[in-house]
Amino acid sequence: VVVAAAAAPPWVDELDRALFGAPWGPPGATERLWLIAPSAYARWSVVAAAGEAELLRVAVAPGERRRGLAAALLRAAERDLAAAGVTRLFLEVRAGNTAARRLYEHAGWQSCGRRPAYYADGEDAELYVRELGR
Ligand SMILES: CC(C)(COP(=O)(O)OP(=O)(O)OC[C@H]1O[C@@H](n2cnc3c(N)ncnc32)[C@H](O)[C@@H]1OP(=O)(O)O)[C@@H](O)C(=O)NCCC(=O)NCCS
């Protein structure tokens, strides 16, 4: 069951720390979360006035992967964001993150550019966009 949440519960911070080395930090005013407790979350930044949202991070606990949780989170967030008037979604991902790139391409996102050496370790970022309601 996917639920939208205003703030990150402790398990989200723990998963963040385990997978990315550090929790995301305090939520900004534009941040929104979708959760499948206690093992998966998607964190977005939403600028509803501009009709845009950016997927900041999606993560699934290692033992729960390939069961469709991330895809379900993306579908729920996209449905809710579309209902809130959002029409265009963005994300950036490490070029070598094959699992995430397959997930996004499977979900209808389109590659739209690259940022060379975007990450601190020199890896490129691949940019994706998804138009809603088309
Ligand atoms: C990327 C991630 C979120 C995918 O979560 P998931 O719940 O396993 O993904 P799903 O089960 O919903 O997969 C949906 C589709 O994505 C693709 N996919 C997902 N993981 C994949 C993998 N390891 N290899 C290839 N394709 C993959 C497949 O097309 C899959 O559909 P299928 O299982 O019917 O073939 C998960 O691997 C993860 O948490 N990784 C670490 C964090 C991360 O890198 N996040 C993204 C950047 S912020």
Side-chain angles (χ1 to χ4, degrees):
V1 180
V2 181
V3 297
W11 64 264
V12 167
D13 289 338
E14 281 162 30
L15 202 50
D16 246 352
R17 203 174 287 110
L19 297 180
F20 301 100
W24 186 269
T30 64
E31 189 173 316
R32 290 192 61 193
L33 266 177
W34 280 261
L35 311 176
I36 301 175
S39 43
Y41 65 85
R43 205 184 280 280
W44 292 76
S45 171
V46 182
V47 186
E52 295 180 353
E54 182 176 2
L55 177 60
L56 300 174
R57 197 170 260 190
V58 55
V60 175
E64 302 291 333
R65 290 181 188 164
R66 295 311 287 269
R67 295 180 51 221
L69 296 188
L73 279 172
L74 293 184
R75 278 195 304 274
E78 289 175 12
R79 182 198 58 218
D80 295 352
L81 290 167
V86 170
T87 56
R88 186 173 292 158
L89 310 178
F90 299 98
L91 68 80
E92 64 218 15
V93 60
R94 284 178 176 272
N97 191 344
T98 308
R101 293 183 61 175
R102 292 270 155 73
L103 164 72
Y104 304 139
E105 286 162 14
H106 206 84
W109 292 73
Q110 276 156 359
S111 174
C112 65
R114 198 151 172 128
R115 292 192 178 125
Y118 179 75
Y119 295 98
D121 60 6
E123 188 168 355
D124 293 355
E126 187 74 19
L127 309 181
Y128 283 84
V129 66
R130 176 155 158 72
E131 309 278 348
L132 294 181
R134 292 198 178 175

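We count ligands from 1, going down the list as the structure has it; atoms in each ligand are counted the same way.
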> For ligand 1, which atoms, with element, lie under 4.0 Å from some heavy atom of Phe20?
42 (C)

> Polar-atom distance check: Val58 versus ligand 1, any N or O pair below 3.5 Å?
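So ligand 1 has an N or O lying under 3.5 Å from an N or O of Val58.
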
> How close does the nearest protein non-hydrogen atom get to atom 39 (O) of ligand 1, and which residue and atom is it?
Val60 N, 2.8 Å

> Where does Asn97 meet ligand 1, judged by heavy-atom distances below 4.0 Å: at the side chain, the backbone, both, or neither?
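Asn97 to ligand 1: side-chain contact only, backbone stays beyond 4.0 Å.
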
> Side chain or backbone of Tyr104 under 4.0 Å from ligand 1, or both, or neither, by non-hydrogen atoms?
side chain

> Is the closest N or O pair between Ala59 and ligand 1 shorter than 3.5 Å?
no

> Who's the nearest protein heavy-atom neighbour of atom 34 (O) of ligand 1, and how far?
His106 NE2, 4.3 Å

> What's the shortest distance from atom 16 (O) of ligand 1 to any protein heavy atom, and which residue and atom give it?
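Result for atom 16 (O) of ligand 1: Leu103 CA, 3.2 Å.
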
> With a cut-off of 4.0 Å, which atoms of ligand 1 are near a heavy atom of Arg67?
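Answer for ligand 1: 11 (O).
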
> Looking at ligand 1, does any of its N/O atoms fall within less than 3.5 Å of an N/O of Thr98?
no

> Is it the case that ligand 1 has an N or O less than 3.5 angstrom from some N or O of Gly68?
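N/O-N/O distance below 3.5 Å exists for this pair.
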
> Show which atoms of ligand 1 fall inside a sub-4.0 Å distance from at least one heavy-atom site of Ala70.
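Those qualifying, in numeric order: 3 (C), 4 (C), 5 (O), 6 (P), 7 (O), 9 (O), 12 (O).
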
> Return yes if some donor-acceptor pair links the side-chain N/O of Glu123 with the main-chain N/O of Gly96 below 3.5 Å, else return no.
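Yes; at least one donor-acceptor contact below 3.5 Å.
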
> At what distance is the nearest protein heavy atom to atom 20 (N) of ligand 1, and which residue and atom is it?
Arg66 CD, 3.3 Å

> Consider side-chain hydrogen bond (donor to acceptor under 3.5 Å, both in side chains). Of Glu92, Gln110, Arg101, which one does Tyr128 pass it with?
Arg101

> Here's a test for you: under side-chain contact (heavy atoms from CB on, under 4.5 Å), which of Val12, Val58, Leu73 qualifies with Arg43?
Val12

> From atom 40 (N) of ligand 1, work out which of Arg65, Arg75, Arg102 has a heavy atom at the shortest distance.
Arg65

> State the atoms of ligand 1, each with its element, that fall below the 4.0 Å cut-off from a heavy-atom position in Ala71.
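Those of ligand 1 that fall under 4.0 Å from Ala71 are 12 (O).
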
